[in-house]
Colleague: 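So that we are looking at the same thing, I have put the structure below in structure tokens.
Reminder, nothing fancy here: chain letters follow the sequence lines and each chain counts from 1.
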4 protein chains.
Amino acid sequence: MQAPLFDPDKPRDRLLAAAARLFRRQGYAATTVREIGAEVGILSGSLFHHVRSKEEMLFAVMERVIAAMLADLRAELSRAEGGEARLRALIAVELTYLHGPAADATAVLFHEWRALSADRQAVLLDGRGAYFALWDQVLAEAGGAMDPAVLRQFLHGALAWTSFWYRPGGALDLDGLTAQALALVQGAALPLR
Amino acid sequence: MQAPLFDPDKPRDRLLAAAARLFRRQGYAATTVREIGAEVGILSGSLFHHVRSKEEMLFAVMERVIAAMLADLRAELSRAEGGEARLRALIAVELTYLHGPAADATAVLFHEWRALSADRQAVLLDGRGAYFALWDQVLAEAGGAMDPAVLRQFLHGALAWTSFWYRPGGALDLDGLTAQALALVQGAALPLR
Amino acid sequence: MQAPLFDPDKPRDRLLAAAARLFRRQGYAATTVREIGAEVGILSGSLFHHVRSKEEMLFAVMERVIAAMLADLRAELSRAEGGEARLRALIAVELTYLHGPAADATAVLFHEWRALSADRQAVLLDGRGAYFALWDQVLAEAGGAMDPAVLRQFLHGALAWTSFWYRPGGALDLDGLTAQALALVQGAALPLR
Amino acid sequence: MQAPLFDPDKPRDRLLAAAARLFRRQGYAATTVREIGAEVGILSGSLFHHVRSKEEMLFAVMERVIAAMLADLRAELSRAEGGEARLRALIAVELTYLHGPAADATAVLFHEWRALSADRQAVLLDGRGAYFALWDQVLAEAGGAMDPAVLRQFLHGALAWTSFWYRPGGALDLDGLTAQALALVQGAALPLR
DNA sequence: GATGAATGAGGGTTCATTCAT
DNA sequence: AATGAATGAACCCTCATTCAT
């Protein structure tokens, strides 16, 4: 990840970071604007100088992650040489977002999608689509036996679910987790090396 | 699955089935008791003759699925002979719940866990623990290279996530999906047959 | 007036009557739903069992007066014989509404029109148009020298304004006030008898 | 009218003119200080360097019109010779204010009176009383049959109401409208010439 | 003079829940 | 069992006003 998702020097970014934290911990619907205000040390009314509505916070958080993930994945893929390296990049980017500094925002994107209004979902679908197109491309290149679409969903599900159980700092570090995920798909649907 | 989760002849069961349906479609927090009432043709005030609170509905739905999944998995495992058959049973039960008649309740159990109060989560952990103990046992028996705990989480995530994209009735039927999931783990972390 | 505008036996009507009273006294924008609730002895949240929104109360109040005034004017005109009697009916109906039991609602209709959203204004314009069409017809029949449209606006303004200064129960009763208004227009723009 | 009500070179006056415009168009309660600021090109916080509160703007606008109308009516009456000329002056001043350059402020005075706090209303009552004393005097001099107090209210209402329907620049110019209003009262309550 | 972030009270509205009928 | 009016707390949001910069 080149740059942090939220700049601690910008009030609006501090707000979004706090919102992401709470949305992740409690869910969007269960988080009140008063709590978000308290998290950054202002009153709820003051939130609305930086943001038009509670939902705009959700949208902005998601927008940021989507753009950043897409940029990072593109960068990593352009650096990676060979099918395995590209595959590893796919997984590494996803897990880095899920458990690195952008963990809150990424979890929100993955698990609170339904809380976003249909209108706003539509706006984000482009970026999300571009991201998954890269996945499909890499998985197709790998030329495994399993339908790439199904494999993509399996892998995406397995990685997304790590946000519920995996905590970095334990016995298994992020590289280790990445290796395990890589082993999962390599053994499974892709031709053995 | 031996018996349907909710008996259409019992008013309370009809209520729970409706709640599960709406909780799944809209999320627990975004579903109002009015909507649940409307779904079964009564007014919101009348709900509380059958149920003590909205959260009790969530709890009851989850309790039912947990007990039923545990019973079904036990039954299937007792019938299955050999490592692969037991592994297949693991996956088949999970996918049958996720996409069969109990789909609503199962999706609620998997995706609305956070909406349940900590107290009530604790009550359910026993049954859930017993279920996953069976998983761990079967996966350990298979004796693969990957840490069974990690493999369990990967597999559980991959299967849980199917509720967001897989729809029975398409080109890929449930047996086919089961086969694909089986292939994923068999190729990966388990010794090749 | 055949029937009271609001039936004291119906909770919703009691609500509307209270709303009309407060809207008249304080203006629509300056009246809070909490005040309206207090006026009928319920909490603000309970208002919304009878009414969808604050603006719906404004709308409902106006709708009632409009329909009732139109019906009453039609009835009075059908009873009135001769130009002067019809003219007197015009004025009498208007003043009866402005200062009789429907005074609050009528004042709200006349003075809070702007507070209603354009959408809802449009819905009411039909009834209002029919009412003024009767005015134009009666004034045209009278065959005065002044443009009937201008005369109608002058007269309507003069009468509407009475809600700011005239109070029944003083030296001048409603019949007296009606007579004065009749004298105003008869002397002015209409041919002398 | 001798001088414009608001001097475009003075920032405070530009503010008041903008406030009058918006108060008239949307009503006092429905106008926000943000909108007033935007109308003159500053932010809402900066308003309060020129004015102590939103209500002070309303007060100041009304104060200006009241003083100016009184001065103008005095001047016009001192110039007018004969009962009819004085009567015409009465009406002409009123209509000139209602539809000339001071239209916004005058409409606000007439239709937003209730939005002013009782304290501030009291302050303005002197000037307003002096103005209406002139009306009563002129109407009494004319010696008609109708109670001058009632006639004054009828006429005031009829003229005030023109702000809702009359627009200068159409077929009927201000002089024409003045003539019609004069005819209304002359025919009515005043002795025929 | 102007800014813009912050305040804090209060706005309209929603909603799970209660209870007399 | 069901109704439906009522509760009361909490919700998101608005707005006039303040003040350090």
Side-chain angles (χ1 to χ4, degrees), chain A residues 10-12 14-15 19 28-37 40-58, chain B residues 10-12 14-15 19 28-37 40-58, chain C residues 10-12 14-15 19 28-37 40-58, chain D residues 10-12 14-15 19 28-37 40-58:
Chain A
K10 296 185 184 160
R12 188 171 194 268
R14 276 201 306 276
L15 197 59
Y28 174 77
T31 301
T32 72
V33 295
R34 277 177 170 80
E35 290 171 323
I36 300 174
V40 294
I42 60 175
L43 291 182
S44 72
S46 308
L47 289 184
F48 297 89
H49 286 274
H50 305 99
V51 126
R52 223 178 293 274
S53 70
K54 182 187 171 188
E55 205 203 344
E56 188 181 298
M57 295 191 234
L58 181 62
Chain B
K10 298 185 184 160
R12 188 171 195 269
R14 277 201 306 277
L15 200 58
Y28 173 77
T31 301
T32 71
V33 296
R34 264 184 153 83
E35 290 170 320
I36 300 173
V40 295
I42 61 175
L43 291 182
S44 72
S46 309
L47 285 185
F48 295 87
H49 289 277
H50 303 97
V51 123
R52 219 178 298 275
S53 71
K54 182 186 172 189
E55 204 201 346
E56 188 181 294
M57 294 190 239
L58 180 61
Chain C
K10 297 184 184 162
R12 188 172 195 269
R14 276 201 306 276
L15 197 60
Y28 173 77
T31 301
T32 72
V33 296
R34 280 172 176 82
E35 288 170 326
I36 300 173
V40 294
I42 60 175
L43 290 183
S44 72
S46 308
L47 289 184
F48 296 89
H49 285 275
H50 305 99
V51 125
R52 221 176 295 275
S53 69
K54 183 187 172 190
E55 204 203 344
E56 188 180 298
M57 295 190 233
L58 180 62
Chain D
K10 297 185 184 161
R12 187 172 195 268
R14 278 202 304 275
L15 201 59
Y28 173 78
T31 300
T32 71
V33 296
R34 265 183 151 82
E35 291 170 320
I36 300 173
V40 296
I42 60 175
L43 291 181
S44 71
S46 309
L47 285 185
F48 295 87
H49 288 277
H50 303 98
V51 124
R52 220 177 296 273
S53 71
K54 182 186 173 190
E55 204 201 346
E56 190 182 294
M57 295 190 240
L58 180 63

Colleague: So A:Ile42, base contact, sugar-phosphate only, or nothing? Heavy-atom distance under 4.0 Å.
Modeller: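 Sugar-phosphate, no base atom in range.
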
Colleague: How many whole angstroms separate atom NZ of C:Lys54 from atom P of E:dT14?
Modeller: 15 Å

Colleague: Tell me whether A:Arg34 contacts the main-chain N or O of A:Ser44 through its side chain, where contact means a donor paired with an acceptor under 3.5 Å.
Modeller: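 Checked: no pair found.
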
Colleague: Could you tell me how far apart D:Arg12 (CZ) and E:dG1 (C1') are, to the nearest whole angstrom?
Modeller: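 Spelled out: CZ on D:Arg12 to C1' on E:dG1 is 15 Å.
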
Colleague: Assign each of C:His50 and D:Ser44 to its nearest nucleotide of DNA chain F by heavy atoms, then name whichever residue's nucleotide is nearer the 5' end.
Modeller: C:His50

Colleague: Would you kindly give the CZ-to-C1' distance between D:Phe48 and E:dG4, to the nearest whole Å?
Modeller: 14 Å

Colleague: Distance check needed: E:dT17 C1' versus B:Met57 CE, whole Å only.
Modeller: 11 Å

Colleague: Answer with yes or no whether C:Arg34 presents, from its side chain, a donor or acceptor under 3.5 Å of a partner atom in the base of E:dG10.
Modeller: no

Colleague: If you round to the nearest 0.5 Å, how far is NE2 of D:His50 from CD1 of D:Ile42?
Modeller: 6.0 Å

Colleague: Figure out the CD/C1' separation between A:Glu56 and F:dC13, and round it to whole Å.
Modeller: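 From A:Glu56 CD to F:dC13 C1': 13 Å.
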
Colleague: Measure CG/A:Leu15 against P/F:dC12 and give the value in whole Å, please.
Modeller: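 After rounding, the reported distance stands at 13 Å.
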
Colleague: Could you pick out which residue, B:Ser46 or C:Gly45, lies toward the 5' side of DNA chain E when each is mapped onto its nearest nucleotide?
Modeller: C:Gly45

Colleague: Return the value, rounded to whole Å, for the distance between atom NZ of D:Lys10 and atom C1' of E:dG1.
Modeller: 18 Å

Colleague: List for me each residue that meets side chain to side chain contact (heavy atoms under 4.5 Å, CB included) alongside A:Arg52, sequence neighbours excluded, and say none if there are none.
Modeller: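 Partners of A:Arg52 under the side chain to side chain contact (heavy atoms under 4.5 Å, CB included) test: A:Glu56.
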
Colleague: Side chain to side chain contact (heavy atoms under 4.5 Å, CB included) for A:Met57 and A:Leu47? Distances and angles first, verdict last.
Modeller: CA-CA 10 Å; A:Met57 295 191 234; A:Leu47 289 184; 3.8 Å; yes

Colleague: Please enumerate all residues that pass salt bridge (charged side-chain N to carboxylate O under 4.0 Å, His left out) together with D:Glu55, with sequence neighbours excluded.
Modeller: D:Arg120

Colleague: Can you work out whether D:Ala30 or A:Tyr28 has the more 5'-proximal nearest nucleotide on DNA chain F?
Modeller: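 It is A:Tyr28, whose closest nucleotide lies nearer the 5' terminus.
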
Colleague: Does A:Ser53 reach a base, just sugar-phosphate, or nothing at all? Heavy atoms under 4.0 Å.
Modeller: sugar-phosphate

Colleague: Among the candidates F:dA5, F:dC12, E:dT3, find the nucleotide nearest to the side-chain atoms of C:His49.
Modeller: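 Output: F:dA5.
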
Colleague: Kindly give the heavy-atom pair with the smallest separation between A:Lys54 and A:Thr31, and that separation in Å.
Modeller: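 Of all heavy-atom pairs spanning A:Lys54 and A:Thr31, the closest is NZ-O, 2.8 Å.
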
Colleague: Taking for each residue the nucleotide of DNA chain E with the nearest heavy atom, is it D:Pro11 or D:Leu43 whose nucleotide lies nearer the 5' end?
Modeller: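 Result of the comparison: D:Pro11.
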
Colleague: Wobble G-U and Watson-Crick pairs count when both distances are under 3.5 Å; given that, what is the 5' to 3' dot-bracket string of DNA chain F, with | for pairing to other strands?
Modeller: .||||||||||||||||||||

Colleague: What integer distance in Å separates A:Leu47:CG from E:dG4:C1'?
Modeller: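 It is 16 Å, rounded to the nearest whole Å.
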
